[in-house]
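What follows is a single structure, written as structure tokens, with notes after it.
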Amino acid sequence: MSAYRPLLCLLWRGTAARVCRTVTTWSPVGAAFNAKVHRRLELYQQNVGLFGVPELGSVEGFEVVQNRALQETEQLVEKACLCPPGVQTVEIFDKLSDSLCRVADMADFIKVAHPDPSYREAAERTCINIGTMVERLNTNVELCKSLKDLLDNKEIFAKLDPETRRVAELFMFDFEISGIHLDKKKRKEAVNLNVKLLDLSNQFLMSCHMPNRIEKRALPEHIHQHFSKEGEHVQISGLHADAPDDLVREVAYKIFLYPNANVMHILEELLACRDKLARLVGYESYAHRALKGSMAKSPEAVMSFLQQITDKLSDRTERDFEMMRDMKTKLNPKNCEVMAWDHPYFSGVIRAERFNIEPSLYSPYFSLGACMEGLNGLFTQLYGVSLLAEQPSVGEVWSEDVRKLAVVHETEGLLGYIYCDFFYRPEKPYQDCHFTIRGGRRLDDGQYQLPMVVLMLNLPHPTRSAPTLLSPGMMENLFHEMGHAMHSMLGRTRYQHVTGTRCATDFAEVPSILMEYFATDYRVISQFARHYQTGQPLPQSMVARLCESKKVCGAADTQLQVFYAILDQVYHGKPQNRSTTDIMIDMQKKYYGLPYVTNTAWQLRFSHLIGYGAKYYSYLMSRAVASMVWKQCFYKDPLNRETGERYRREMLAHGGAKEPMLMVEGMLQKRPSIEDFVNALVSDLDPDFETFIMDSEG
């Protein structure tokens with residue numbers, strides 16, 4: 001493939017530290033991420049405020065922007081209630097949504113990411129106040145009536161464009177799940193349940209990552225060094241799944257997952273409230289409510305999907321666990337039973353042994369700057385889009401490590417902004433994630449409100465002698481999260497309510513997972529993976545081995561995800577007269593291959609139950625769709641501009657403004673069945689015999 005198009009760049013004002021590349025010169029976007037930037041003191045420049053919001057130059061500004069949004073909301077509600085049925089009704093509703101989301105989404109990010117506790121606390125208060133207003137709006141009978149009048153007027157409604165009709169229906173769905181159609185007493189009950197659920201969700205999320213403690217004397221002294229110490233106690237804050245010592249993994253698993261009666265009560269109360277609310281507003285279960293508008297459509301379809309995967313993979317899964325038993329016997333003959341704490345570790349050991357996969361051999365080829373050059377080259381070739389590094393203004397970002405990218409199309413111009421918060425800080429959330437700060441929408445003057453997103457990773461900082469070097473897993477995560485960002489950047493919906501990733505959950509992960517396929521294709525990797533010191537390209541055989549290594553124990557890994565997804569479905573289905581632990585034990589026995597460990601409660605660490613309640617299956621279904629799109633559309637030529645444009649047109653441009661299955665059907669030129677999804681997932685685990693031939697020839 002030809003070299004990337006030249007990159008324009010708004011130059012960084014400041015002095016960059018020495019960049020450790022001795023063979024060639026980084027492009028501007030590569031330099032922006034491989035150089036540690038020391039910005040000059042800019043004493044005479046005005047503080048523009050976080051994300052360019054002037055009021056957020058100080059913590060007191062949160063109250064100002066919040067009150068302004070609330071005041072604007074009151075005015076728009078009055079306008080909506082007086083508006084005759086028509087397209088203007090939907091436009092006003094979207095302005096309402098935008099006014100609140102621009103403040104709430106920004107505050108939702110700042111409350112978890114800002115290094116200053118006073119900013120985090122102010123953002124938390126703003127989230128609560130905006131949330132209270134949203135609850136009021138969702139139960140405002142007069143406001144709902146203005147929308148219902150439009151939906152009930154068949155003649156006017158039929159004349160609306162498809163996107164406007166869909167957005168109107170989505171707004172009505174928001175009213176319905178809040179109980180707007182109920183009598184006053186039940187509507188109040190629905191509001192109270194929503195308020196209670198918000199509190200329970202926050203409590204559960206906080207508890208998911210809290211460490212557990214045990215007295216030092218209860219553990220063998222030689223393993224104390226693996227855990228943090230607090231006086232006479234050892235503190236365990238994770239599973240230590242990669243620890244080579246069997247005892248360290250076992251201790252971490254048993255202590256970190258030890259049941260907490262208070263958290264158990266919070267979870268069971270949360271599930272009960274969700275079920276009660278769903279039934280109150282007319283759904284058979286919370287899962288039925290959660291899956292409305294999704295690709296799967298119903299809990300029954302999800303369970304069929306998951307059961308078919310289990311059936312197809314049963315033999316392979318058993319063989320995977322047998323391989324783990326053999327490896328554990330080889331390394332520890334006295335203790336060869338494979339337990340739940342062994343699965344991640346021995347999967348990795350087998351991969352490394354079979355394919356000689358050692359992350360430290362790959363990371364010199366994956367400097368952060370090189371990976372960003374690779375993403376830029378990929379987007380330029382697929383979509384005609386460039387990533388341009390910009391110098392943030394004073395006060396615009398929350399940490400000096402944050403980089404700002406302008407996303408520019410060769411003919412359409414500026415599409416939006418991506419803020420890259422990539423380096424580890426103690427206060428950051430543990431997971432890599434993507435935040436929408438401002439959604440795109442068409443403005444009254446015909447201009448487009450440019451989207452803003454934040455990508456948050458936890459990468460190591462560069463050192464004096466080397467830039468930030470990524471492991472293969474980190475590189476894939478970067479591509480994955482950038483897939484979310486480009487979903488927002490390349491969408492051009494009329495309404496912000498359905499912009500970018502504001503779509504069905506089981507569709508939202510498709511663009512990000514598809515990026516993982518690009519991240520493991522040699523034709524893509526060869527364009528950017530160069531050793532940061534020598535400039536040598538990453539050998540094709542190493543890429544091939546890396547790709548094949550992921551299939552090792554892939555059936556067991558997939559089955560573990562099936563178990564999680566089924567547990568999520570059962571928790572949100574018909575209530576059962578037994579504890580969440582009893583349900584988990586039963587599901588683990590049926591849908592996983594390793595025994596339950598007595599006195600553990602893994603479900604109390606299952607944080608996805610909050611944001612992905614009844615939707616955890618989405619990762620598997622999105623992966624199936626991404627696999628089908630990759631194999632059918634991109635596999636032959638992953639850098640084909642025509643295919644990239646079609647993918648944008650059929651799948652990325654619409655956000656949630658189009659039925660998700662219609663977007664998939666448009667791209668694949670057929671409507672896939674559940675069986676098609678299952679076959680796509682299973683076929684991804686089939687070995688590529690060319691890799692073995694390549695290795696034998698090497």
Side-chain angles (χ1 to χ4, degrees), residues 50-53 56 65-66 68-70 72-73 76 90-111 113 123 126-127 130-131 133-134 137-138 161 163-164 166-171 173-174 293 385 396 404-407 409 412-420 433-456 481-505 507-512 611 648 651-658 660 663:
L50 289 168
F51 298 107
V53 179
L56 296 186
V65 296
Q66 166 200 293
R68 186 168 61 216
L70 295 177
E72 186 179 352
T73 296
L76 288 167
V90 182
E91 290 172 345
I92 294 171
F93 267 79
D94 193 63
K95 287 178 184 176
L96 253 175
S97 175
D98 182 61
S99 178
L100 293 171
C101 284
R102 272 187 295 160
V103 178
D105 290 343
M106 191 183 333
D108 199 43
F109 166 73
I110 292 167
K111 76 176 184 180
T126 296
C127 286
I130 296 291
M133 171 58 81
V134 171
L137 294 178
N138 285 342
D161 63 274
E163 182 175 345
T164 301
R166 178 165 172 80
V167 171
E169 290 167 346
L170 289 171
F171 277 124
F173 175 64
D174 290 340
V385 164
E396 185 179 358
K404 180 184 179 184
L405 294 176
V407 181
H409 190 273
E412 298 171 34
L414 183 61
L415 298 181
Y417 294 102
I418 302 172
Y419 292 86
C420 302
C433 44
H434 155 269
F435 292 86
T436 297
I437 302 300
R438 184 176 70 194
R441 70 183 180 100
R442 191 194 304 166
L443 301 173
D444 291 340
D445 62 2
Q447 298 294 309
Y448 198 77
Q449 177 172 290
L450 298 177
M452 288 182 182
V453 303
V454 173
L455 297 188
M456 185 171 283
E481 297 302 334
M482 193 60 79
H484 284 307
M486 295 307 290
H487 196 179
S488 294
M489 295 298 113
L490 293 173
R492 277 301 178 264
T493 54
R494 179 175 179 178
Y495 302 102
Q496 73 82 38
H497 193 64
V498 290
T499 186
T501 55
R502 289 175 181 163
C503 56
T505 306
F507 181 82
E509 292 294 329
V510 172
S512 54
R648 180 189 182 187
M651 295 186 75
L652 296 179
H654 306 289
K658 194 173 178 180
M663 291 188 273

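- Of the charged side-chain nitrogens involved, at least one lies within less than 4.0 Å of a carboxylate oxygen, so that Arg502 and Asp105 count as a salt-bridged pair.
- Atom CZ of residue Phe109 and atom OG1 of residue Thr436 lie 12.0 Å apart, to the nearest 0.5 angstrom.
- Residues Leu450 and Gly416 approach most closely at CB-CA, 4.2 Å, considering heavy atoms.
- A donor-acceptor pair under 3.5 Å is absent between the side-chain atoms of Ser99 and the main chain of Leu96, judged by distance alone.
- Without hydrogens or angle criteria, Gln447 side chain to Arg442 main chain gives no donor-acceptor distance under 3.5 Å.
- At a threshold of 4.5 Å between non-hydrogen side-chain atoms, the residues Leu70 and Ile130 count as touching.
- A pairwise comparison of heavy atoms in Val90 and Phe171 identifies O-CE1, 4.5 Å as the closest pair.
- Nearest heavy-atom pair across Ser512 and Ala508 is OG-O, 4.3 Å.
- There is no side-chain donor-acceptor pair under 3.5 Å between Thr501 and His487.
- Leu137 CG to Phe93 CZ: the interatomic distance, rounded to the nearest 0.5 Å, is 9.0 Å.
- In this structure, the side chains of Cys433 and Met456 come closer than 4.5 Å at one or more pairs of heavy atoms.
- Here the side chains of Met651 and Phe507 are in contact, with some heavy-atom distance below 4.5 Å.
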- [ ] Could you give me the CA-CA distance, side-chain angles and deciding distance for Asp444 and Lys95, then say whether salt bridge (charged side-chain N to carboxylate O under 4.0 Å, His left out) is met?
- [x] CA-CA 10 Å; Asp444 291 340; Lys95 287 178 184 176; 2.8 Å; yes

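- Taking 4.0 Å as the cut-off between side-chain N and carboxylate O, Glu163 and Lys658 do not count as a salt-bridged pair.
- Residues that satisfy the salt bridge (Lys or Arg N to Asp or Glu O under 4.0 Å) test with Arg68, not counting sequence neighbours, are Glu55.
- Using a 4.5 Å cut-off on side-chain heavy atoms (C-beta onward), Gln66 and Met133 make no contact.
- When every heavy atom of Cys503 is checked against every heavy atom of Gly655, the shortest pair comes out as CB-O, 3.6 Å.
- Looking only at atom types and distance, the side chain of Tyr495 has no donor-acceptor partner in the side chain of Ser97 under 3.5 Å away.
- Scanning all heavy atoms of the two residues, the minimum distance from Ala504 to Gly293 falls at CB-O, 3.7 Å.
- With hydrogens and angles left out, the side-chain atoms of Glu396 and Tyr419 include a donor and acceptor closer than 3.5 Å.
- Phe51 is listed as a side-chain neighbour of Val454, based on a closest heavy-atom distance under 4.5 Å.
- Residues passing the salt bridge (Lys or Arg N to Asp or Glu O under 4.0 Å) test with Glu412 are Arg648, sequence neighbours excluded.
- Judged by distance alone, with hydrogens and angles left aside, the side-chain atoms of Arg441 form no donor-acceptor pair with the main-chain N or O of Asp98 at under 3.5 Å.
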Open item on the list: Walk me through whether Met489 and Val453 qualify under side chain to side chain contact (heavy atoms under 4.5 Å, CB included).
Closed with: CA-CA 9 Å; Met489 295 298 113; Val453 303; 4.0 Å; yes

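- Taking the charged nitrogens against the carboxylate oxygens, Asp94 and Arg494 have no contact shorter than 4.0 Å, which rules out a salt bridge.
- With hydrogens and angles ignored, the 3.5 Å screen pairs a side-chain donor or acceptor of Arg166 with a backbone N or O of Gly656.
- Under the 4.5 Å side-chain criterion, counting only non-hydrogen atoms from C-beta, Met482 is in contact with Ile418.
- Annotation: side chain of Tyr448 is in contact with side chain of Thr493 (closest heavy-atom distance under 4.5 Å).
- Between the side chains of Thr499 and Gln496, not a single donor N or O lies within less than 3.5 Å of an accepting N or O.
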Task: Stepwise side chain to side chain contact (heavy atoms under 4.5 Å, CB included) check, Met452 with Met106 - done: CA-CA 10 Å; Met452 288 182 182; Met106 191 183 333; over 6 Å; no

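- With a 4.5 Å cut-off on side-chain heavy atoms, Val407 and Met486 count as touching.
- A salt bridge is defined here as a Lys NZ or Arg NE, NH1 or NH2 lying under 4.0 Å from an Asp or Glu carboxylate O, and Lys111 with Asp108 meets this definition.
- Arg492 contributes a side-chain N or O that, together with a main-chain N or O of Leu415, makes up a donor-acceptor pair within less than 3.5 Å.
- Here CZ of Arg438 is found 12.0 Å from OG of Ser488. Values are rounded to the nearest 0.5 Å.
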